[in-house]
2 protein chains.
Amino acid sequence: MKPGPRRSLSHREILDAAFELLEAKGFDAVSVRGVAGALGLTPTAMYTYYPNKQALLAGMVEQVLGRLPIGSTADGTARASADGAADARSRVLAVAHGLRDLLVHRPGAVGLLLATPLDGANARRIDEELLAAFTGAGLDLASAGRAAHAVRIHVLGAVAFDAAEAGRTAEAQAEAETPGAASDTLWDDLESFPLADRCRTLADDPAERFSWGVERLLDGLLAAMPAR
Amino acid sequence: MKPGPRRSLSHREILDAAFELLEAKGFDAVSVRGVAGALGLTPTAMYTYYPNKQALLAGMVEQVLGRLPIGSTADGTARASADGAADARSRVLAVAHGLRDLLVHRPGAVGLLLATPLDGANARRIDEELLAAFTGAGLDLASAGRAAHAVRIHVLGAVAFDAAEAGRTAEAQAEAETPGAASDTLWDDLESFPLADRCRTLADDPAERFSWGVERLLDGLLAAMPAR
DNA sequence: ACCTGAACACCGTTCAAGT
DNA sequence: ACCTGAACACCGTTCAAGT
(Lines give C-alpha, C1' and ligand atoms only; values in the text may rest on other atoms or scores of the structure.)
Protein backbone atom coordinates (compact mmCIF):
# COMPACT_ATOMS: atom_id res chain seq x y z
CA MET A 1 0.00 0.00 0.00
CA LYS A 2 1.08 3.53 -0.71
CA PRO A 3 0.72 6.23 1.98
CA GLY A 4 -3.00 6.65 1.26
CA PRO A 5 -5.16 9.72 1.78
CA ARG A 6 -4.69 11.96 4.78
CA ARG A 7 -7.54 10.84 6.89
CA SER A 8 -6.46 12.74 9.94
CA LEU A 9 -8.44 10.75 12.47
CA SER A 10 -9.67 12.33 15.64
CA HIS A 11 -8.77 10.91 19.04
CA ARG A 12 -12.46 10.20 19.47
CA GLU A 13 -12.50 7.87 16.47
CA ILE A 14 -9.42 6.06 17.69
CA LEU A 15 -10.80 5.61 21.20
CA ASP A 16 -14.12 4.42 19.82
CA ALA A 17 -12.34 1.75 17.80
CA ALA A 18 -10.33 0.79 20.86
CA PHE A 19 -13.47 0.41 22.99
CA GLU A 20 -15.15 -1.63 20.28
CA LEU A 21 -12.15 -3.95 20.39
CA LEU A 22 -12.20 -4.00 24.19
CA GLU A 23 -15.84 -5.03 24.40
CA ALA A 24 -15.67 -7.48 21.54
CA LYS A 25 -12.43 -9.29 22.33
CA GLY A 26 -11.34 -8.22 25.81
CA PHE A 27 -8.49 -6.18 27.19
CA ASP A 28 -5.69 -8.23 25.69
CA ALA A 29 -7.00 -7.47 22.22
CA VAL A 30 -6.52 -3.75 22.80
CA SER A 31 -3.08 -3.61 21.25
CA VAL A 32 -1.50 -0.81 19.28
CA ARG A 33 -1.45 -3.09 16.27
CA GLY A 34 -5.01 -4.23 16.84
CA VAL A 35 -6.47 -0.74 17.11
CA ALA A 36 -4.46 0.39 14.10
CA GLY A 37 -5.74 -2.57 12.12
CA ALA A 38 -9.36 -1.84 13.08
CA LEU A 39 -8.90 1.69 11.75
CA GLY A 40 -7.20 0.58 8.56
CA LEU A 41 -3.89 2.02 9.70
CA THR A 42 -0.38 0.73 9.97
CA PRO A 43 0.74 0.18 13.59
CA THR A 44 3.33 2.92 13.33
CA ALA A 45 0.72 5.49 12.33
CA MET A 46 -0.71 5.17 15.86
CA TYR A 47 2.43 6.84 17.18
CA THR A 48 1.46 10.13 15.54
CA TYR A 49 -1.60 10.21 17.81
CA TYR A 50 -0.25 8.70 21.02
CA PRO A 51 3.40 8.54 22.09
CA ASN A 52 2.98 4.98 23.37
CA LYS A 53 0.45 2.38 24.40
CA GLN A 54 0.20 3.75 27.96
CA ALA A 55 -1.05 7.07 26.59
CA LEU A 56 -3.68 5.30 24.50
CA LEU A 57 -4.92 3.39 27.54
CA ALA A 58 -4.90 6.58 29.62
CA GLY A 59 -7.10 8.18 26.97
CA MET A 60 -9.51 5.27 27.22
CA VAL A 61 -9.62 5.52 31.02
CA GLU A 62 -10.37 9.22 30.81
CA GLN A 63 -13.22 8.60 28.39
CA VAL A 64 -14.88 5.91 30.49
CA LEU A 65 -14.47 7.87 33.75
CA GLY A 66 -15.92 10.90 31.99
CA ARG A 67 -19.23 9.08 31.71
CA LEU A 68 -19.66 9.09 35.48
CA PRO A 69 -22.13 11.81 36.47
CA ILE A 70 -21.03 13.65 39.60
CA GLY A 71 -22.70 16.14 41.88
CA SER A 72 -26.00 15.40 40.17
CA THR A 73 -28.09 17.32 42.69
CA ALA A 74 -29.27 20.52 41.07
CA ASP A 75 -28.61 22.81 44.00
CA GLY A 76 -24.94 23.16 43.12
CA THR A 77 -22.66 24.13 45.98
CA ALA A 78 -25.44 24.86 48.43
CA ARG A 79 -25.46 21.44 50.01
CA ALA A 80 -25.48 22.16 53.72
CA SER A 81 -27.87 19.81 55.38
CA ALA A 82 -28.95 18.79 58.83
CA ASP A 83 -27.01 15.53 58.79
CA GLY A 84 -23.60 15.77 57.16
CA ALA A 85 -22.93 12.05 57.58
CA ALA A 86 -26.14 11.00 55.83
CA ASP A 87 -25.34 13.40 53.03
CA ALA A 88 -21.84 12.01 52.70
CA ARG A 89 -23.15 8.47 52.62
CA SER A 90 -25.51 9.13 49.74
CA ARG A 91 -22.85 11.03 47.78
CA VAL A 92 -20.24 8.29 48.21
CA LEU A 93 -22.78 5.61 47.40
CA ALA A 94 -23.65 7.46 44.20
CA VAL A 95 -19.99 7.49 43.15
CA ALA A 96 -19.41 3.88 44.17
CA HIS A 97 -22.43 2.45 42.41
CA GLY A 98 -22.01 4.72 39.41
CA LEU A 99 -18.41 3.63 39.00
CA ARG A 100 -19.29 -0.01 39.39
CA ASP A 101 -22.11 0.20 36.83
CA LEU A 102 -19.70 1.87 34.42
CA LEU A 103 -17.23 -0.98 34.70
CA VAL A 104 -19.54 -3.96 35.08
CA HIS A 105 -21.38 -3.24 31.84
CA ARG A 106 -18.12 -2.86 29.96
CA PRO A 107 -16.33 -6.19 29.74
CA GLY A 108 -12.62 -5.73 29.91
CA ALA A 109 -12.76 -2.27 31.41
CA VAL A 110 -11.37 -3.60 34.68
CA GLY A 111 -8.14 -4.57 32.98
CA LEU A 112 -7.97 -1.06 31.63
CA LEU A 113 -8.30 0.52 35.07
CA LEU A 114 -5.79 -1.87 36.61
CA ALA A 115 -3.22 -1.18 33.91
CA THR A 116 -3.40 2.58 34.06
CA PRO A 117 -2.28 5.17 36.65
CA LEU A 118 -5.71 6.76 37.35
CA ASP A 119 -4.27 10.23 37.69
CA GLY A 120 -6.12 11.91 34.84
CA ALA A 121 -8.53 14.82 35.10
CA ASN A 122 -11.63 12.67 35.50
CA ALA A 123 -10.01 10.50 38.15
CA ARG A 124 -9.18 13.68 40.04
CA ARG A 125 -12.74 14.88 39.63
CA ILE A 126 -14.02 11.70 41.28
CA ASP A 127 -11.45 12.06 44.05
CA GLU A 128 -12.59 15.60 44.67
CA GLU A 129 -16.20 14.49 45.03
CA LEU A 130 -15.25 11.81 47.54
CA LEU A 131 -13.11 14.24 49.51
CA ALA A 132 -15.88 16.82 49.52
CA ALA A 133 -18.34 14.23 50.80
CA PHE A 134 -16.10 13.07 53.63
CA THR A 135 -15.01 16.54 54.72
CA GLY A 136 -18.66 17.54 54.59
CA ALA A 137 -19.35 14.75 57.06
CA GLY A 138 -16.92 16.30 59.51
CA LEU A 139 -13.73 14.38 58.77
CA ASP A 140 -10.51 16.34 58.76
CA LEU A 141 -8.68 16.46 55.44
CA ALA A 142 -6.17 13.74 56.30
CA SER A 143 -8.90 11.32 57.35
CA ALA A 144 -11.01 12.28 54.34
CA GLY A 145 -8.07 11.45 52.09
CA ARG A 146 -7.69 8.06 53.68
CA ALA A 147 -11.44 7.45 53.52
CA ALA A 148 -11.55 8.39 49.84
CA HIS A 149 -8.65 6.06 49.20
CA ALA A 150 -10.44 3.23 50.98
CA VAL A 151 -13.51 3.75 48.79
CA ARG A 152 -11.35 3.86 45.66
CA ILE A 153 -9.74 0.58 46.67
CA HIS A 154 -13.00 -1.10 47.53
CA VAL A 155 -14.84 -0.23 44.33
CA LEU A 156 -12.02 -1.13 41.99
CA GLY A 157 -11.07 -4.22 43.93
CA ALA A 158 -14.63 -5.50 44.05
CA VAL A 159 -15.12 -5.07 40.32
CA ALA A 160 -11.77 -6.70 39.62
CA PHE A 161 -12.65 -9.71 41.76
CA ASP A 162 -16.08 -10.00 40.18
CA ALA A 163 -14.56 -9.90 36.71
CA ALA A 164 -11.97 -12.54 37.60
CA GLU A 165 -14.67 -14.71 39.12
CA ALA A 166 -16.92 -14.34 36.08
CA GLY A 167 -14.05 -15.26 33.81
CA ARG A 168 -13.31 -18.30 35.91
CA THR A 169 -16.87 -19.64 35.93
CA ALA A 170 -17.01 -19.05 32.17
CA GLU A 171 -13.89 -21.14 31.78
CA ALA A 172 -15.30 -23.80 34.07
CA GLN A 173 -18.44 -24.01 31.96
CA ALA A 174 -16.45 -24.29 28.75
CA GLU A 175 -14.39 -27.02 30.35
CA ALA A 176 -17.49 -28.87 31.53
CA GLU A 177 -18.79 -28.91 27.96
CA THR A 178 -15.80 -30.92 26.82
CA PRO A 179 -16.49 -34.26 28.54
CA GLY A 180 -13.16 -35.73 27.49
CA ALA A 181 -11.19 -33.67 29.99
CA ALA A 182 -11.65 -35.15 33.43
CA SER A 183 -11.80 -32.82 36.40
CA ASP A 184 -8.15 -31.93 36.82
CA THR A 185 -6.55 -30.64 40.00
CA LEU A 186 -8.82 -32.45 42.36
CA TRP A 187 -6.14 -32.20 44.95
CA ASP A 188 -7.90 -33.63 47.99
CA ASP A 189 -5.24 -32.29 50.26
CA LEU A 190 -5.13 -33.36 53.85
CA GLU A 191 -6.50 -29.97 54.69
CA SER A 192 -10.19 -29.26 54.37
CA PHE A 193 -11.96 -25.95 54.52
CA PRO A 194 -15.40 -26.52 55.96
CA LEU A 195 -16.43 -22.87 56.23
CA ALA A 196 -15.14 -21.90 52.80
CA ASP A 197 -16.81 -24.92 51.23
CA ARG A 198 -20.15 -24.19 52.84
CA CYS A 199 -19.75 -20.54 51.95
CA ARG A 200 -19.27 -21.35 48.28
CA THR A 201 -22.63 -23.08 48.08
CA LEU A 202 -24.34 -19.83 49.03
CA ALA A 203 -23.66 -18.26 45.60
CA ASP A 204 -23.95 -14.65 46.67
CA ASP A 205 -25.15 -12.10 44.14
CA PRO A 206 -22.19 -9.86 43.22
CA ALA A 207 -24.27 -6.68 43.16
CA GLU A 208 -25.74 -7.34 46.60
CA ARG A 209 -22.37 -8.33 47.99
CA PHE A 210 -20.90 -5.10 46.65
CA SER A 211 -23.68 -3.03 48.14
CA TRP A 212 -23.28 -4.68 51.52
CA GLY A 213 -19.52 -4.18 51.52
CA VAL A 214 -19.67 -0.51 50.63
CA GLU A 215 -22.30 0.12 53.31
CA ARG A 216 -20.18 -1.60 55.97
CA LEU A 217 -17.09 0.30 54.85
CA LEU A 218 -19.02 3.56 55.11
CA ASP A 219 -20.24 2.55 58.56
CA GLY A 220 -16.63 2.39 59.65
CA LEU A 221 -15.43 5.47 57.77
CA LEU A 222 -18.21 7.80 58.82
CA ALA A 223 -17.77 6.80 62.45
CA ALA A 224 -14.21 8.17 62.23
CA MET A 225 -15.38 11.66 62.95
CA PRO A 226 -13.94 13.83 65.66
CA ALA A 227 -16.24 13.60 68.65
CA ARG A 228 -18.51 16.62 68.77
CA MET B 1 23.01 -27.41 21.14
CA LYS B 2 22.16 -31.06 21.55
CA PRO B 3 19.52 -32.21 24.07
CA GLY B 4 21.96 -31.99 26.96
CA PRO B 5 21.97 -33.99 30.17
CA ARG B 6 18.73 -34.87 31.92
CA ARG B 7 18.71 -32.31 34.65
CA SER B 8 15.21 -33.04 35.81
CA LEU B 9 14.64 -29.80 37.66
CA SER B 10 12.28 -29.62 40.60
CA HIS B 11 9.35 -27.23 40.65
CA ARG B 12 11.08 -25.54 43.57
CA GLU B 13 14.11 -24.68 41.46
CA ILE B 14 11.94 -23.31 38.68
CA LEU B 15 9.87 -21.19 41.05
CA ASP B 16 13.01 -19.89 42.75
CA ALA B 17 14.38 -18.77 39.39
CA ALA B 18 11.04 -17.18 38.58
CA PHE B 19 11.02 -15.23 41.87
CA GLU B 20 14.59 -14.12 41.33
CA LEU B 21 13.50 -12.75 37.97
CA LEU B 22 10.41 -11.17 39.52
CA GLU B 23 12.35 -9.30 42.18
CA ALA B 24 15.20 -8.32 39.90
CA LYS B 25 13.31 -7.16 36.82
CA GLY B 26 9.63 -6.97 37.75
CA PHE B 27 6.54 -8.89 36.80
CA ASP B 28 6.80 -8.36 33.05
CA ALA B 29 10.17 -10.12 33.07
CA VAL B 30 8.56 -13.29 34.41
CA SER B 31 8.00 -14.85 31.01
CA VAL B 32 8.14 -18.48 30.05
CA ARG B 33 11.12 -17.70 27.88
CA GLY B 34 12.77 -15.61 30.56
CA VAL B 35 12.49 -18.24 33.29
CA ALA B 36 13.66 -20.93 30.89
CA GLY B 37 16.65 -18.81 29.95
CA ALA B 38 17.56 -18.21 33.59
CA LEU B 39 17.57 -21.97 34.10
CA GLY B 40 19.58 -22.68 30.96
CA LEU B 41 16.58 -24.27 29.30
CA THR B 42 14.85 -23.87 26.01
CA PRO B 43 11.42 -22.19 26.32
CA THR B 44 9.65 -25.33 25.19
CA ALA B 45 11.22 -27.38 27.97
CA MET B 46 9.14 -25.36 30.43
CA TYR B 47 6.04 -27.02 29.07
CA THR B 48 7.10 -30.36 30.52
CA TYR B 49 6.81 -28.80 34.00
CA TYR B 50 3.83 -26.48 33.56
CA PRO B 51 1.10 -26.79 30.94
CA ASN B 52 1.11 -23.04 30.37
CA LYS B 53 2.17 -19.70 31.81
CA GLN B 54 -0.94 -19.43 33.99
CA ALA B 55 0.05 -22.61 35.80
CA LEU B 56 3.54 -21.27 36.42
CA LEU B 57 2.13 -18.06 37.88
CA ALA B 58 -0.33 -20.05 39.99
CA GLY B 59 2.60 -21.99 41.38
CA MET B 60 4.34 -18.75 42.29
CA VAL B 61 1.21 -17.44 44.01
CA GLU B 62 0.89 -20.61 46.05
CA GLN B 63 4.50 -20.35 47.16
CA VAL B 64 4.26 -16.73 48.29
CA LEU B 65 0.91 -17.27 50.04
CA GLY B 66 2.39 -20.30 51.75
CA ARG B 67 4.75 -18.00 53.62
CA LEU B 68 1.87 -16.41 55.50
CA PRO B 69 1.68 -17.81 59.03
CA ILE B 70 -1.88 -18.46 60.14
CA GLY B 71 -3.47 -19.36 63.42
CA SER B 72 -0.19 -18.61 65.19
CA THR B 73 -1.69 -18.80 68.66
CA ALA B 74 -0.50 -21.96 70.30
CA ASP B 75 -3.81 -22.93 71.88
CA GLY B 76 -5.06 -24.48 68.65
CA THR B 77 -8.81 -24.70 68.29
CA ALA B 78 -9.59 -23.70 71.84
CA ARG B 79 -10.05 -20.07 71.09
CA ALA B 80 -13.27 -19.17 72.87
CA SER B 81 -12.83 -15.86 74.56
CA ALA B 82 -14.90 -13.34 76.41
CA ASP B 83 -15.07 -10.94 73.48
CA GLY B 84 -15.54 -12.62 70.11
CA ALA B 85 -15.35 -9.33 68.22
CA ALA B 86 -12.01 -8.35 69.73
CA ASP B 87 -10.68 -11.80 68.92
CA ALA B 88 -11.89 -11.54 65.34
CA ARG B 89 -10.31 -8.13 64.96
CA SER B 90 -6.89 -9.32 66.00
CA ARG B 91 -7.09 -12.41 63.81
CA VAL B 92 -8.14 -10.45 60.74
CA LEU B 93 -5.52 -7.80 61.43
CA ALA B 94 -2.87 -10.52 61.60
CA VAL B 95 -3.89 -11.84 58.20
CA ALA B 96 -4.19 -8.38 56.66
CA HIS B 97 -0.83 -7.10 57.88
CA GLY B 98 0.88 -10.42 57.23
CA LEU B 99 -0.38 -10.48 53.68
CA ARG B 100 0.61 -6.89 53.08
CA ASP B 101 4.12 -7.44 54.44
CA LEU B 102 4.48 -10.45 52.20
CA LEU B 103 3.64 -8.42 49.12
CA VAL B 104 5.23 -5.09 49.96
CA HIS B 105 8.67 -6.59 50.47
CA ARG B 106 8.45 -8.47 47.21
CA PRO B 107 8.50 -6.02 44.29
CA GLY B 108 6.33 -7.23 41.48
CA ALA B 109 4.36 -9.66 43.60
CA VAL B 110 1.28 -7.50 43.22
CA GLY B 111 1.23 -8.08 39.49
CA LEU B 112 1.42 -11.76 40.23
CA LEU B 113 -1.62 -11.70 42.51
CA LEU B 114 -3.63 -9.57 40.10
CA ALA B 115 -2.88 -11.89 37.18
CA THR B 116 -3.82 -15.12 38.91
CA PRO B 117 -7.15 -16.62 40.07
CA LEU B 118 -6.31 -16.93 43.81
CA ASP B 119 -8.16 -20.21 44.18
CA GLY B 120 -5.26 -22.41 45.24
CA ALA B 121 -4.92 -24.29 48.51
CA ASN B 122 -3.14 -21.49 50.36
CA ALA B 123 -5.64 -18.90 49.21
CA ARG B 124 -8.37 -21.14 50.56
CA ARG B 125 -6.49 -21.51 53.81
CA ILE B 126 -6.45 -17.74 54.24
CA ASP B 127 -10.13 -17.56 53.36
CA GLU B 128 -10.89 -20.16 55.98
CA GLU B 129 -9.07 -18.16 58.64
CA LEU B 130 -10.99 -15.00 57.79
CA LEU B 131 -14.30 -16.87 57.79
CA ALA B 132 -13.48 -18.48 61.12
CA ALA B 133 -12.66 -15.11 62.61
CA PHE B 134 -15.86 -13.48 61.43
CA THR B 135 -18.16 -16.34 62.36
CA GLY B 136 -16.41 -16.42 65.72
CA ALA B 137 -17.41 -12.80 66.15
CA GLY B 138 -21.05 -13.74 65.75
CA LEU B 139 -21.64 -13.10 62.08
CA ASP B 140 -23.76 -15.62 60.19
CA LEU B 141 -21.99 -17.49 57.41
CA ALA B 142 -23.35 -15.35 54.58
CA SER B 143 -22.22 -12.13 56.28
CA ALA B 144 -18.90 -13.68 57.19
CA GLY B 145 -18.36 -14.57 53.54
CA ARG B 146 -19.06 -11.00 52.52
CA ALA B 147 -16.84 -9.66 55.26
CA ALA B 148 -13.97 -11.94 54.28
CA HIS B 149 -14.39 -10.84 50.69
CA ALA B 150 -14.27 -7.19 51.74
CA VAL B 151 -11.01 -7.80 53.60
CA ARG B 152 -9.56 -9.66 50.62
CA ILE B 153 -10.45 -6.76 48.37
CA HIS B 154 -9.06 -4.16 50.73
CA VAL B 155 -5.68 -5.78 51.30
CA LEU B 156 -5.00 -6.58 47.67
CA GLY B 157 -6.37 -3.29 46.43
CA ALA B 158 -4.32 -1.28 48.90
CA VAL B 159 -1.10 -3.05 47.98
CA ALA B 160 -1.87 -2.69 44.28
CA PHE B 161 -2.44 1.05 44.65
CA ASP B 162 0.71 1.47 46.72
CA ALA B 163 2.74 -0.37 44.12
CA ALA B 164 1.29 1.71 41.29
CA GLU B 165 1.96 4.87 43.26
CA ALA B 166 5.53 3.84 44.04
CA GLY B 167 6.12 3.07 40.39
CA ARG B 168 4.77 6.44 39.41
CA THR B 169 6.91 8.46 41.80
CA ALA B 170 9.95 6.44 40.69
CA GLU B 171 9.17 7.41 37.12
CA ALA B 172 8.66 11.02 38.12
CA GLN B 173 12.05 11.09 39.82
CA ALA B 174 13.75 9.54 36.81
CA GLU B 175 12.07 12.13 34.64
CA ALA B 176 13.10 14.97 36.92
CA GLU B 177 16.72 13.88 36.59
CA THR B 178 16.64 14.49 32.86
CA PRO B 179 16.41 18.29 32.77
CA GLY B 180 15.87 18.35 29.01
CA ALA B 181 12.32 17.09 29.27
CA ALA B 182 10.06 19.90 30.38
CA SER B 183 7.15 19.09 32.65
CA ASP B 184 4.70 17.57 30.20
CA THR B 185 0.95 17.30 30.68
CA LEU B 186 0.60 20.40 32.78
CA TRP B 187 -2.95 20.60 31.64
CA ASP B 188 -4.24 23.52 33.66
CA ASP B 189 -7.78 22.62 32.85
CA LEU B 190 -10.57 24.99 33.68
CA GLU B 191 -11.41 22.68 36.55
CA SER B 192 -9.43 22.80 39.75
CA PHE B 193 -9.45 20.37 42.61
CA PRO B 194 -8.71 22.29 45.79
CA LEU B 195 -9.29 19.42 48.22
CA ALA B 196 -7.36 16.85 46.17
CA ASP B 197 -4.48 19.29 45.71
CA ARG B 198 -4.26 20.09 49.40
CA CYS B 199 -4.61 16.40 50.17
CA ARG B 200 -1.64 15.54 47.99
CA THR B 201 0.66 17.79 50.00
CA LEU B 202 -0.03 15.68 53.09
CA ALA B 203 2.10 12.77 51.79
CA ASP B 204 0.51 10.08 53.90
CA ASP B 205 2.61 7.09 54.90
CA PRO B 206 1.29 4.03 53.01
CA ALA B 207 1.66 1.70 56.00
CA GLU B 208 -0.28 4.02 58.31
CA ARG B 209 -2.91 4.66 55.68
CA PHE B 210 -3.33 0.92 55.26
CA SER B 211 -3.62 0.34 58.97
CA TRP B 212 -6.20 3.08 59.33
CA GLY B 213 -8.26 1.74 56.42
CA VAL B 214 -8.33 -1.83 57.68
CA GLU B 215 -9.33 -0.67 61.17
CA ARG B 216 -12.18 1.41 59.78
CA LEU B 217 -13.32 -1.45 57.58
CA LEU B 218 -13.33 -3.76 60.58
CA ASP B 219 -15.29 -1.19 62.56
CA GLY B 220 -18.01 -1.47 59.95
CA LEU B 221 -17.82 -5.22 59.45
CA LEU B 222 -17.81 -6.21 63.12
CA ALA B 223 -20.78 -3.95 63.81
CA ALA B 224 -22.77 -6.08 61.33
CA MET B 225 -23.62 -8.62 63.98
CA PRO B 226 -27.11 -9.79 64.72
CA ALA B 227 -28.39 -7.84 67.71
CA ARG B 228 -27.97 -9.89 70.85
C1' DA C 1 10.05 -38.15 30.65
C1' DC C 2 12.79 -34.55 29.34
C1' DC C 3 14.76 -31.76 26.05
C1' DT C 4 16.00 -29.24 21.42
C1' DG C 5 15.08 -26.51 17.20
C1' DA C 6 12.03 -24.66 13.97
C1' DA C 7 7.96 -22.48 13.41
C1' DC C 8 3.42 -19.73 14.00
C1' DA C 9 1.05 -15.88 15.27
C1' DC C 10 1.50 -12.38 17.88
C1' DC C 11 3.51 -7.99 20.79
C1' DG C 12 5.54 -2.54 21.47
C1' DT C 13 8.53 0.49 19.40
C1' DT C 14 12.07 2.81 16.26
C1' DC C 15 13.74 4.45 11.98
C1' DA C 16 14.14 5.91 7.29
C1' DA C 17 11.43 7.25 3.73
C1' DG C 18 7.46 9.01 1.22
C1' DT C 19 3.34 12.89 0.48
C1' DA D 1 1.70 16.39 9.99
C1' DC D 2 0.49 12.00 8.70
C1' DC D 3 1.50 7.76 6.86
C1' DT D 4 4.05 3.32 5.04
C1' DG D 5 7.35 -0.56 5.20
C1' DA D 6 11.12 -2.76 7.14
C1' DA D 7 13.20 -3.97 11.12
C1' DC D 8 14.44 -5.06 16.20
C1' DA D 9 13.71 -7.38 20.22
C1' DC D 10 10.48 -9.54 22.33
C1' DC D 11 6.01 -12.71 23.62
C1' DG D 12 3.09 -17.75 24.44
C1' DT D 13 2.55 -21.95 22.38
C1' DT D 14 2.75 -26.10 19.14
C1' DC D 15 5.00 -29.70 16.72
C1' DA D 16 8.27 -32.98 15.12
C1' DA D 17 12.28 -34.95 16.45
C1' DG D 18 15.99 -36.62 19.39
C1' DT D 19 17.79 -39.37 24.02
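Keep in mind that the numbers below use all heavy atoms, side chains included, and drop hydrogens, waters and symmetry copies. Numbers restart at 1 for each chain; the letters A, B, ... are given by sequence-line order, proteins then strands.
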Could you list the residues that satisfy side-chain hydrogen bond (donor to acceptor under 3.5 Å, both in side chains) with A/D16, not counting sequence neighbours?
-> A/R12

Nearest-nucleotide check on DNA chain C, B/R33 vs A/Q54; residue mapping nearer the 5' end is B/R33

Lys/Arg-Asp/Glu bridge criterion (N-O < 4.0 Å) met for A/D204, B/R146 | yes

In whole angstrom, give the distance that lies between atom NE2 of A/H11 and atom C1' of D/dC2.
-> 12 Å

According to a strict under-4.0 Å criterion, is A/S8 in side-chain N/O contact with OP1 or OP2 of D/dC2?
-> yes

Can you tell me, in whole Å, how much space there is between the C1' of C/dA17 and that of D/dC2?
-> 13 Å

Is there a side-chain polar atom (N or O) of B/T48 under 4.0 Å from OP1 or OP2 of C/dC2?
-> no

Contiguous Watson-Crick or G-U pair runs (3 or more, under 3.5 Å) in DNA chain D = C:4-8 with D:12-16, C:12-16 with D:4-8

Using a cut-off of strictly less than 4.0 Å, decide whether B/Y49 has a side-chain nitrogen or oxygen near OP1 or OP2 of C/dC3.
-> yes

Across the strands shown, which category fits A/S31 at heavy-atom distances under 4.0 angstrom: base, sugar-phosphate, nothing?
-> sugar-phosphate

Pairwise C1' distance, D/dC10 and C/dA9 [rounded to whole Å] = 13 Å

Do we get B/R125 above A/F193's six-membered ring, with its NZ or CZ under 6.0 Å from the centre and within 45° of the axis?
-> no

